[in-house]
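What follows is one structure encoded as structure tokens, with my remarks underneath.
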Amino acid sequence: MAGGILAASGMLLASLATSLTHLYLSIGLLSGSGWALTFTPTMACLSRYFSRRRSLATGLALTGVGLSSFAFAPLFQWLVSRYAWRGALLLVSALSLHLVACGALLRPLSLREDPVMGGPGTQLTSLLHHGPFLRYTAALTLINTGYFIPYVHLMAHLQDVGWDPLSAAFLLSVVAISDLVGRVASGWLADAVPGPVARLLMLWTTLTGVSLSLFPMARAPTALTALAVAYGFTSGALTPVAFSMLPELVGTGRIYCGLGLVQMVESIGGLLGAPLSGYFRDVTGNYTVSFVVAGAFLLAGSGILITLPHFCSSASTSTSKPRDLVTEAADTKVSLTKEGLGED
């Protein structure tokens with residue numbers, strides 16, 4: 001709810017901006033802080049709500065990202081043409097204020113392992129000494145470095161190879177629709193197929209990296225459309241399993257601190273990826289190296305995922321079935337009964 005107020009306030013102040021610095025402070029700092037306070041607690045809360053169908057629940061929740069990326073860009077352009085950019089930002093501020101109502105609908109759950117986990121300081125110390133968590137964070141940081149490159153540079157790449165802007169924008173819409181389908185399909189598959197969720201995450205990450213690396217090699221419209229569908233589906237598919245895997249790694253009692261720490265670190269990759277790709281474009285004169293390097297980052301991240309616990313195990317650690325979870329905090333192992341966490 002606090003995030004909704006900050007996000008709306010930032011957009012409201014941005015509508016009064018008279019310089020680019022004002023936009024950096026209002027949208028970048030104020031609204032950005034609001035979005036951070038909104039997204040991370042919401043996803044962590046969702047992980048505590050579900051145990052058996054966590055991946056599917058996460059995939060369904062994240063369809064909002066695909067829907068908004070498909071619909072909001074043309075909507076905002078229409079608002080700008082109708083009300084100018086200041087009026088458009090005022091309306092976006094009003095939309096952002098609805099996050100307060102969304103936050104009011106979330107209800108915190110008290111889980112059996114919460115008292116054992118200690119406070120935020122204890123949890124943070126525990127996570128910083130948790131080897132699998134640190135490797136998982138490193139993997140997601142590498143994945144994030146290459147993940148967003150098509151959203152930033154694909155349209156420019158298509159125009160470089162002779163596409164007109166309208167056709168290039170249509171291809172981005174194809175990516176967004178495929179992303180939406182991939183999120184739901186992957187969430188269902190992760191809960192339906194036995195075995196560690198890390199395997200599915202590694203599969204989707206590898207396929208996303210390969211599709212990214214192949215973009216510069218494709219020239220025909222059919223090939224580029226096929227790659228756009230493949231990238232959209234696989235990049236969307238890796239998102240819900242990335243979120244649903246974290247509670248299995250650190251326990252639901254540490255999910256707020258764990259998810260916040262993961263997103264803080266992986267954002268570094270997302271921040272550096274697009275400028276690095278732009279630098280390669282400026283140096284080489286095309287986007288070939290940019291997309292190949294972006295794919296290599298994802299492939300490197302998928303390699304780290306292989307080192308996570310139970311990756312090669314034949315036992316099922318999927319979220320599709322209730323199971324005993326074992327969490328560690330301050331060198332204390334706590335066994336949680338199926339009755340405590342087996343119900344949604």
Side-chain angles (χ1 to χ4, degrees), residues 65-66 69-70 72-74 77 137-183 186 200-239 241-242 265-306:
V65 179
S69 63
F70 175 71
F72 189 77
Q77 290 301 319
T137 303
L140 288 191
T141 303
L142 290 171
I143 292 169
N144 241 29
T145 305
Y147 182 90
F148 297 105
I149 300 308
Y151 292 102
V152 180
H153 294 299
L154 180 57
M155 193 162 178
H157 167 66
L158 292 173
Q159 292 181 32
D160 279 355
V161 297
W163 283 47
D164 62 84
L166 185 61
S167 299
F170 171 76
L171 199 66
L172 284 179
S173 296
V174 170
V175 172
I177 295 172
S178 302
D179 177 284
L180 182 66
V181 176
R183 290 171 192 262
S186 174
L200 267 181
L201 181 57
M202 191 274 288
L203 171 66
W204 297 131
T205 303
T206 301
L207 292 176
T208 304
V210 171
S211 63
L212 267 178
S213 300
L214 292 176
F215 263 114
M217 288 65 170
R219 287 292 186 269
T222 304
L224 284 167
T225 302
L227 280 175
V229 171
Y231 168 77
F233 185 89
T234 55
S235 63
L238 72 85
T239 307
V241 289
V265 176
E266 73 173 355
S267 295
I268 298 173
L271 180 67
L272 297 178
L276 181 63
S277 294
Y279 170 76
F280 287 138
R281 165 65 174 82
D282 292 340
V283 170
T284 63
N286 57 59
Y287 283 101
T288 300
V289 176
S290 301
F291 280 95
V292 171
V293 171
F297 276 118
L298 275 98
L299 294 175
S302 67
I304 296 178
L305 293 173
I306 300 175

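Every value quoted in this text rests on a predicted model; they were computed, and no experiment measured them. Every heavy atom of this structure was used, including side-chain atoms; hydrogens, water molecules and symmetry mates were not. Residue numbers count from 1 along this sequence.
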> Ignoring hydrogens and geometry, is there a side-chain-to-backbone donor-acceptor pair from S235 to G232 under 3.5 Å?
Replying inline: yes
>> Which heavy atom of F148 sits nearest to which heavy atom of G270, and what is that distance?
In response: CD1-CA, 4.3 Å
> Which atom pair, heavy atoms only, marks the closest approach of S186 to A237?
Replying inline: OG-O, 2.6 Å
> How many angstroms lie between OH in Y147 and OG1 in T239, if you round to the nearest 0.5 Å?
Replying inline: 3.5 Å
> Taking V265 as the fixed residue, which of N144, L140, T137 is the one that meets the side chain to side chain contact (heavy atoms under 4.5 Å, CB included) rule?
Replying inline: T137
>> Once rounded to the nearest 0.5 Å, what's the spacing between atom CE of M155 and atom CG of L171?
In response: 10.0 Å
> How far apart are the closest heavy atoms of W163 and P221, and which atoms are they?
Replying inline: CZ2-CA, 3.7 Å
> Does some side-chain heavy atom of L154 sit less than 4.5 Å from a side-chain heavy atom of L172?
Replying inline: yes
>> Can you confirm whether P150 sits close enough to L212 that some side-chain heavy atom of one is under 4.5 Å from a side-chain heavy atom of the other?
In response: yes
>> Please give me the minimum heavy-atom distance between F297 and G146, naming the atom from each residue.
In response: CB-N, 4.2 Å
>> Measuring only between side-chain heavy atoms, which start at C-beta, is F215 closer than 4.5 Å to L224?
In response: yes
>> Let me confirm one number: the CG-CG distance from L299 to L207, rounded to the nearest 0.5 Å.
In response: 9.5 Å
> Shortest non-hydrogen contact from I149 to S277?
Replying inline: CD1-OG, 3.1 Å
>> Counting C-beta onward and ignoring hydrogens, is there a side-chain heavy-atom pair between T234 and S211 closer than 4.5 Å?
In response: yes
>> What's the separation between atom OG1 in T145 and atom CD in E266, rounded to the nearest 0.5 Å?
In response: 9.5 Å
> Where do F280 and Y287 land on the side chain to side chain contact (heavy atoms under 4.5 Å, CB included) test, with the steps shown first?
Replying inline: CA-CA 7 Å; F280 287 138; Y287 283 101; over 6 Å; no
> Between H157 and F291, what is the ring plane arrangement, given parallel below 30°, perpendicular above 60°, and tilted in between?
Replying inline: tilted
> Quick one: which of L298, I304, V241 gives a side chain to side chain contact (heavy atoms under 4.5 Å, CB included) with T205?
Replying inline: L298
>> I need the L201 CG to L305 CG distance, nearest 0.5 Å.
In response: 5.0 Å
>> Contact between S178 and Y231 at the side-chain level, heavy atoms closer than 4.5 Å - yes or no?
In response: no
>> Just verifying a value: how many Å separate L276 CG and R281 CZ, rounded to the nearest 0.5 Å?
In response: 14.5 Å
>> For a quick test of reading the model, state the closest non-hydrogen atom pair linking A228 to V174 and the distance between them.
In response: CB-CG1, 4.4 Å
